[in-house]
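Encoded as structure tokens, the structure appears first; notes follow it.
Every chain is numbered from 1 and lettered A, B, ... according to where its sequence line falls, protein lines coming before strand lines.
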Number of protein chains: 2
Amino acid sequence: MLSALGPASGYSLSKRFDATLGHVWNAKHSQIYPELKRLQAEGLIEVTDEGARGSKSYTITHTGRATVSHWVIDTEPAPVRRNEAALRAFLIPLVSQDDARAVLQREADFSTQRIQELEALRSTAEHAPGHFGALALELGIRQMHTIRDWAQWAIEQLDQDTNAQAAHRSHSPQH
Amino acid sequence: MLSALGPASGYSLSKRFDATLGHVWNAKHSQIYPELKRLQAEGLIEVTDEGARGSKSYTITHTGRATVSHWVIDTEPAPVRRNEAALRAFLIPLVSQDDARAVLQREADFSTQRIQELEALRSTAEHAPGHFGALALELGIRQMHTIRDWAQWAIEQLDQDTNAQAAHRSHSPQH
DNA sequence: CTAAACATGTAAACGGTTACATGATTCG
DNA sequence: CGAATCATGTAACCGTTTACATGTTTAG
């Protein structure tokens with residue numbers, strides 16, 4: 001984050017996480033402060049200013065920037081292995097048809113809400129095309145659309161299964 | 001998993017994670033064995049059979065099944081807070097245009113490969129419509145499509161930006 | 001004056017991964 | 001007979017969250 005958005009104190013990094021990066025990667029202040037010390041000890045960042053109320057401004061070093069670039073370029077994509085929405089989907093057959101519909105509808109509603117929040121962000125200056133976060137924000141929005149569409153599709157599937165079974169019963173009522 | 005796919009030993013659960021649920025939620029045997037003991041102590045599962053080589057077959061109890069259903073129905077969706085693809089996207093402006101293109105292309109290629117793997121799964125009996133895993137698999141496939149499409153869109157964006165800047169330079173060459 | 005915001009830290013606990021460790025059975 | 005597979009466990013470590021803890025400055 002220091003490499004992308006410039007120098008900051010632990011406190012303002014924490015605010016940046018809440019505002020900008022939170023939907024992509026998050027960190028609490030209790031993780032940030034020790035991490036800043038560790039990065040400083042490794043020479044990847046340095047204290048460049050000390051302001052009011054004991055605040056310290058950290059700036060990324062040349063080595064630090066190189067390390068981040070290297071990570072971006074050389075890290076190979078890995079499949080996500082913690083997908084809570086999909087886990088619930090996996091277990092859906094355990095619950096009643098009505099409960100299943102409700103669960104999926106809640107997922108769809110939640111996504112709709114997130115889409116609105118993220119699209120509001122998109123019109124801010126920091127997320128203009130070419131800026132840090134613009135690509136990530138676009139991906140976030142698309143992923144929310146995907147979950148919403150999937151949930152609506154899944155509800156239709158449930159209903160079709162029900163109708164198909166009902167139709168089958170009415171055609172062969174004795175079996 | 002015991003509630004969805006029936007009784008299993010720690011070893012076979014580990015195999016099931018590798019085969020079926022891995023792309024959604026994963027667990028290693030070192031996590032599974034202690035967890036089975038914990039769930040047993042809480043009365044959510046029980047040992048129903050002891051086979052060869054000291055293998056123990058665990059079955060979900062009535063309470064266990066109720067607990068899982070309750071979790072599925074009552075857990076509200078939470079925004080994902082660890083999205084490595086999006087994090088890389090966020091940091092893309094740090095690297096050169098060529099490197100950026102390569103990173104995005106790798107992401108697209110990786111997704112294409114995953115799509116093929118997951119679609120191969122879809123034609124298996126366990127993933128037929130209405131079965132455990134069918135909805136989750138569909139979501140997984142759609143999410144991979146989303147990343148692939150997004151990466152391709154992002155590459156186009158990069159190229160358009162370059163062209164626009166080149167055009168701008170050629171129209172006002174002195175500035 | 002006091003509540004909110006600014007600002008920084010530490011400790012305990014938890015979930016998960018990696019590595020260590022052991023032994024039984026089957027297949028070639 | 002030896003390698004692969006079946007089968008179960010523990011220990012150390014790491015990243016993260018929750019809770020604890022403290023002090024300063026600003027705005028109403």
Output the rounded distance in Å from [atom1] ([X]) to [atom2] ([N]).
X     : N      : atom1 : atom2 : answer
B/K56 : D/dT8  : NZ    : C1'   : 8 Å
A/E35 : C/dT8  : CD    : C1'   : 16 Å
B/D18 : D/dC6  : CG    : P     : 11 Å
A/F17 : D/dG15 : CZ    : P     : 14 Å
B/L87 : D/dG15 : CG    : P     : 15 Å
B/Y33 : C/dA21 : OH    : P     : 19 Å

Is [X] near enough to [N] that one of its side-chain N or O atoms lies under 4.0 angstrom from OP1 or OP2?
X     : N     : result
A/K15 : C/dA5 : no
A/S14 : C/dA7 : no
B/K37 : D/dG9 : yes
A/Y11 : C/dC6 : yes

So does [Y] get a backbone contact from the side chain of [X], meaning a donor-acceptor N/O pair under 3.5 Å?
X     : Y     : value
A/T61 : A/L44 : yes
B/T75 : B/V72 : no
B/W25 : A/A86 : no
B/T48 : B/S57 : yes

*With a cut-off of 6.0 Å (strictly less than), are more than 12 heavy atoms of other residues, nucleotides or ligands near CZ of A/R82?*
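Check passes, neighbour count above 12.
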*Could you give the distance from CD (A/E138) to CG (A/L118), rounded to the nearest 0.5 Å?*
10.5 Å
*For residues B/Q152 and B/E156, is any side-chain donor paired with an opposing acceptor at under 3.5 Å?*
no
_Identified side-chain hydrogen bond (donor to acceptor under 3.5 Å, both in side chains) counterpart of A/H145 within the set A/R148, A/R142, A/Q143_ =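 Option passing the side-chain hydrogen bond (donor to acceptor under 3.5 Å, both in side chains) with A/H145: A/R148.
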_Residues that A/Q31 engages under side chain to side chain contact (heavy atoms under 4.5 Å, CB included), provided they are two or more places apart_ = A/A27
Any N/O pairs under 3.5 Å between the protein and nucleotides 24-28 of chain D? List them or say none.
none

_At under 4.0 Å between heavy atoms, how does the protein contact nucleotides 15-20 of chain C? Give one character per nucleotide, 5' to 3', with B, S or -._
-SBBB-
